[in-house]
Amino acid sequence: MNCCAGIMQGLHKLLLFHFLTCLGQNGHGSKIINGQKVPENSMLYMVSVHNNRGHVCGGSLVSDQHVLTAALCDKKNASHIFLGPHSVKENVNPYYVEGKVIPRTKNGKVIDDIMLLTLHKKVELGNSVQTIPLPESNSEVKENEQCQVAGWGKTSTDGTIVDELRMVNVSVIDQQVCKEKWPDIPPNFICAGGYGTNKGFCEGDSGGPLVCNGVAVGVASVTKKFNCDHPDVPNISTNISKHIQWIRKIINQTKELE
Ligand SMILES: *[C@@H]1O[C@H](CO)[C@@H](O)[C@H](O)[C@H]1NC(C)=O
Ligand SMILES: *[C@@H]1O[C@H](CO)[C@@H](O)[C@H](O)[C@H]1NC(C)=O
Ligand SMILES: *[C@@H]1O[C@H](CO)[C@@H](O)[C@H](O)[C@H]1NC(C)=O
Ligand SMILES: *[C@@H]1O[C@H](CO)[C@@H](O)[C@H](O)[C@H]1NC(C)=O
Ligand SMILES: *[C@@H]1O[C@H](CO)[C@@H](O)[C@H](O)[C@H]1NC(C)=O
């Protein structure tokens, strides 16, 4: 449990409890709350991250050989991915996880809920698969800015699993307001959706991008409540901008090895 305790450093104990609960009990499926089906030919960067039993996390294609997802998906033994905003019935062409990088402190603790996967081979980009742009190192999102999150699967706590990718519009929540609801939140989160609204993501959507203005600004992270019908705290995403330098470096290194 080293990795999880690390991610949760500084976060409320309650969150740690629910985080571990999610890891233990919610290996499958995902829940986009009060969303809609993703229109055709959009979100072509969406990736479904799998272990040997099925879908465990969302993710986004950030280069022709790299996927950005959440660090907690490592705990779920993520082994391969499927591309595209497809129906899960079309999962026929797996790309295997050949390398993974999770930012850690010197003593091996995970700092933030973010992970970069290197795929075993290059993806052919085109009309059905595309990469999503990453933010600059000083990128800001404004309060109330409209952004999107997406995921596969259940649409409520007790809902049935759907196989089409669904998305929902969420707005960015002021950091101060967010801090009141998550008193011990570390600085590296963006809060959007899930508070003052019935829209958001839930356990299992983790790893998918928070998309603002067509840019992946966040990685959907843990949720406070195992039950997904309690919009009492903001949904939180890891701020990609804080991590952009090592992400670009690794993407660049992979290219140089060719
Ligand atoms: C991941 O793999 C380890 C080692 O094989 C196993 O103990 C653990 O149960 C697996 N976890 C999941 C969520 O599959
Ligand atoms: C995300 O990180 C960037 C870079 O450090 C920072 O400029 C921005 O304010 C952060 N966003 C939020 C919502 O904290
Ligand atoms: C979500 O936002 C997008 C882009 O701002 C907009 O085109 C779409 O109609 C919105 N969908 C809903 C259900 O509000
Ligand atoms: C995210 O937001 C949705 C919609 O409000 C909510 O149902 C879900 O519980 C939230 N997840 C959190 C805050 O952990
Ligand atoms: C990749 O790394 C090389 C050598 O370190 C550097 O010259 C180049 O500018 C880098 N490219 C990008 C896109 O970061």
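First listed ligand is number 1; within each ligand, the first listed atom is number 1.
Taking the six-membered ring where tryptophan is involved, the planes of H55 and H50 are perpendicular, since the angle between them exceeds 60° and thus also 30°.
Those atoms of ligand 2 with a heavy atom of N138 less than 4.0 angstrom away are 7 (O). Those atoms of ligand 2 that come under 4.0 Å of a heavy atom in N239, given as number and element, are 1 (C), 2 (O), 3 (C), 8 (C), 10 (C), 11 (N), 12 (C), 14 (O).
When the options S237, C191, S137, C178 are ranked by their closest heavy atom to atom 4 (C) of ligand 2, first place goes to S137.
A salt bridge does not link K242 with D112: none of the charged nitrogens is closer than 4.0 Å to a carboxylate oxygen.
In terms of heavy-atom proximity, G58 sits nearest to V49 at O-CG2, 3.7 Å.
For ligand 1, the polar-atom distance check finds an N/O of N77 within less than 3.5 Å of one of the ligand's N/O atoms.
Within the 3.5 Å criterion, the main-chain N or O of V233 finds no donor-acceptor partner in the side chain of W182.
Under the 4.5 Å side-chain criterion, counting only non-hydrogen atoms from C-beta, L68 is not in contact with I132. Residues V219 and D113 have side chains not in contact (no heavy-atom distance under 4.5 Å, counting atoms from C-beta outward).
Atom 8 (C) of ligand 2 has as its closest protein heavy atom S139 O, 3.4 Å. Looking from atom 5 (O) of ligand 2 to the surrounding protein, the closest heavy atom is K242 NZ, 3.2 Å. From the protein, the heavy atom lying nearest to atom 13 (C) of ligand 2 is I190 CG1, 3.6 Å. With respect to atom 9 (O) of ligand 2, the closest heavy atom belonging to the protein is E140 OE1, 2.9 Å.
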